[in-house]
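Have a look at the structure below before the remarks.
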Amino acid sequence: MSTRPTVADKRRSFQRLHAEGCFVIPNPWDVGSAVYLQSLGFKALASTSSGLAWTLGRADNSITRDAALAHLAALVQATDVPINADFENGFAHEPDGVAQSVTLALQAGVAGLSIEDSTGHAQTPLYDEEMAVARIRAARRAIDAAGGDALLVGRAECFLVGRPDIEFAIARLKAYADAGADCLYAPGIRTRAHIGAVVRALAPKPVNLLMGWAGELSVAEIAALGVRRISVGGALAKCAWAGFAQAATQLAREGRFDALANGAGAGNLDALFATPRRP
């Protein structure tokens with residue numbers, strides 16, 4: 001009987017994935033979608049805060065820390081690949097609170113986690129750089145205190161909160177790298193020029209690119225720009241919701257069942273999920 005990888009095994013594997021090349025790290029929104037993505041051969045998975053929130057009937061950025069931690073633990077236990085946590089802003093404002101949250105996420109077994117610099121407040125959507133850096137440092141200290149084998153991702157949310165300034169984003173990411181972030185991430189950048197600028201400015205640290213839309217760039221083209229990993233955020237969850245909404249809306253408004261023909265085969269899903277998985 002094969003032995004499942006330990007958390008330490010997963011973290012070592014995750015570190016190796018970031019050492020060279022480019023890999024896709026798709027975002028499941030529940031245990032079933034995580035198991036399915038693993039079955040397709042993806043080497044690592046990342047949670048999605050929006051995808052989780054929608055399964056709970058909540059808007060993005062409105063779930064509790066406890067809900068996020070329970071979700072992460074479930075993903076870790078259900079899969080044999082590294083799990084990276086979309087950990088929002090650490091579910092805390094002060095650095096000490098971020099450190100506490102990070103410690104709890106590590107106890108859930110994640111191989112890596114990201115900390116955003118967004119505040120959640122419309123008037124001041126970003127922490128000032130000094131506070132943002134202090135929060136990354138606190139996350140770094142928490143990871144090091146737990147053994148240092150998990151990966152820390154620093155996120156600059158500038159492009160998502162109405163400040164699409166590439167030089168501003170790069171300056172922030174450089175500061176996060178200096179504060180101990182292992183991988184850097186500016187969700188919202190889309191052009192080859194912006195992607196290349198971020199990769200060059202942060203080399204040799206790995207860069208994550210969000211491809212949460214039907215973009216023109218392929219994985220091969222993104223890899224050629226020097227990106228180390230590619231995530232899709234809540235995009236796969238949106239695709240699932242689109243299929244559900246189409247079938248449900250047709251049933252409610254037209255009294256028709258045609259869209260149900262697009263459903264996945266129950267036999268295939270049962271066969272996939274019948275494989276025993278031990279906690």
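We count residues from 1, following the sequence as given. Being a predicted model, the structure only gives us computed values, none of them experimental.
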### Message
Would you call the rings of F159 and H194 parallel, tilted or perpendicular, taking 30° and 60° as the class edges?
### Response
perpendicular
### Query
What's the verdict on salt bridge (Lys or Arg N to Asp or Glu O under 4.0 Å) for D178 and K174, showing C-alpha distance, side-chain angles and the deciding distance?
CA-CA 6 Å; D178 291 342; K174 283 184 175 180; over 6 Å; no
#### Entry: Atom pair CZ/OH of R137 and Y176 - distance to nearest 0.5 Å
11.5 Å
#### Entry: Charged tip of R163 within 45° of F168 ring normal and under 6.0 Å
yes
### Query
Any idea which heavy atoms bring A264 and L269 closest together, and the distance?
CB-CD1, 4.1 Å
### Task
Output the distance between atom CG (L209) and atom CG (L225), rounded to the nearest 0.5 Å.
8.5 Å
#### Entry: Between S49 and D86, a side-chain donor and acceptor under 3.5 Å
yes
### Query
Hey, is CD on E254 packed in by over 12 heavy atoms from elsewhere, all under 6.0 Å?
yes
#### Entry: Which residues share a side-chain contact (heavy atoms from CB on, under 4.5 Å) with Q107, sequence neighbours left out
T103, L104
### Task
State, yes or no, whether a side-chain contact exists between F42 and I25 at a heavy-atom distance under 4.5 Å.
no
### Query
Are L69 and F87 side-chain neighbours, meaning at least one heavy-atom pair lies under 4.5 Å?
yes
#### Entry: Trace of the side chain to side chain contact (heavy atoms under 4.5 Å, CB included) decision for H93 with H121
CA-CA 11 Å; H93 294 294; H121 301 303; 4.1 Å; yes
## Note on the structure
Heavy atoms of S39 and L272 approach each other most closely as CB-CD1, 3.6 Å
### Query
Do side-chain atoms of S62 reach the backbone of R58 as a donor and acceptor pair under 3.5 angstrom?
no
### Query
For A46, does its backbone N or O pair with a side-chain atom of N84 as donor and acceptor, under 3.5 Å?
no
### Message
Would you say that E88 contacts I115 through its side chain, given a criterion of any heavy-atom pair below 4.5 Å between the two side chains?
### Response
no
### R228 side-chain N/O to G21 backbone N/O, donor-acceptor pair under 3.5 Å
yes
### Query
When you measure from the side chain of R11 to the backbone N and O of G112, does any donor-acceptor pair fall under 3.5 Å?
no
### Message
Can you tell whether the side chains of R140 and D182 come within less than 4.0 Å, N to carboxylate O?
### Response
yes
### Message
Is any side-chain heavy atom of L184 closer than 4.5 Å to one of V153?
### Response
no
#### Entry: Inter-residue atom distance L113.CG - I83.CD1, 0.5 Å rounding
12.5 Å
### Task
Identify the two heavy atoms, one from M211 and one from I230, that lie closest to each other, and give their separation to 0.1 Å.
CG-CG2, 3.8 Å
### Query
Are N208 and S231 close enough that a side-chain donor and a side-chain acceptor fall under 3.5 Å?
yes
### Query
Of the options N27, T48, L37, which is the one that meets L236 in a side-chain contact (heavy atoms from CB on, under 4.5 Å)?
L37
### Query
Any side-chain donor paired with an acceptor under 3.5 Å for R4 and Q77?
no
### Query
What are the two closest heavy atoms between S101 and G90, and how far apart are they?
OG-O, 2.7 Å
### Query
Does the pair R192/E221 count as a salt bridge with the N-to-O cut at 4.0 Å?
yes
### Message
Looking at G109, is its backbone amide N or carbonyl O close enough to the side chain of K10 to form a donor-acceptor pair, meaning the two atoms are under 3.5 Å apart?
### Response
no
### Task
Looking only at non-hydrogen atoms, find the nearest pair between W29 and T55 and report the distance.
CD1-CG2, 3.6 Å
### Task
Side-chain contact test, heavy atoms from C-beta onward, threshold under 4.5 Å: evaluate it for E94 versus R135 and give yes or no.
no
## Note on the structure
Correct closest heavy-atom pair for C183 and R229 would be SG-NE, 4.2 Å
### Message
Check this for me, if you would: do R155 and D117 make a salt bridge, where the nitrogen-to-carboxylate-oxygen distance has to be below 4.0 angstrom?
### Response
no
### Query
Is it true that D9 and R12 make a salt bridge, defined as a side-chain N closer than 4.0 Å to a carboxylate O?
yes
### Message
Is it the case that over 12 heavy atoms from other parts of the model lie below 6.0 angstrom from the CZ atom of F91?
### Response
yes
### Query
Looking only at atom types and distance, does a side-chain atom of Q250 sit under 3.5 Å from a main-chain N or O of G255, one as donor and one as acceptor?
no
### Query
Checking S114 side chain against G154 main chain: does a donor-acceptor pair fall under 3.5 Å?
no
### Task
Tell me, yes or no, whether the heavy-atom count around K205 atom NZ, taken from other residues, nucleotides or ligands under 6.0 Å, exceeds 12.
yes
### Message
Can you see whether S118 engages N89 through a side-chain donor-acceptor pair at a distance of less than 3.5 angstrom?
### Response
no
### Query
Does a side-chain heavy-atom distance below 4.5 Å link E157 with P187?
yes
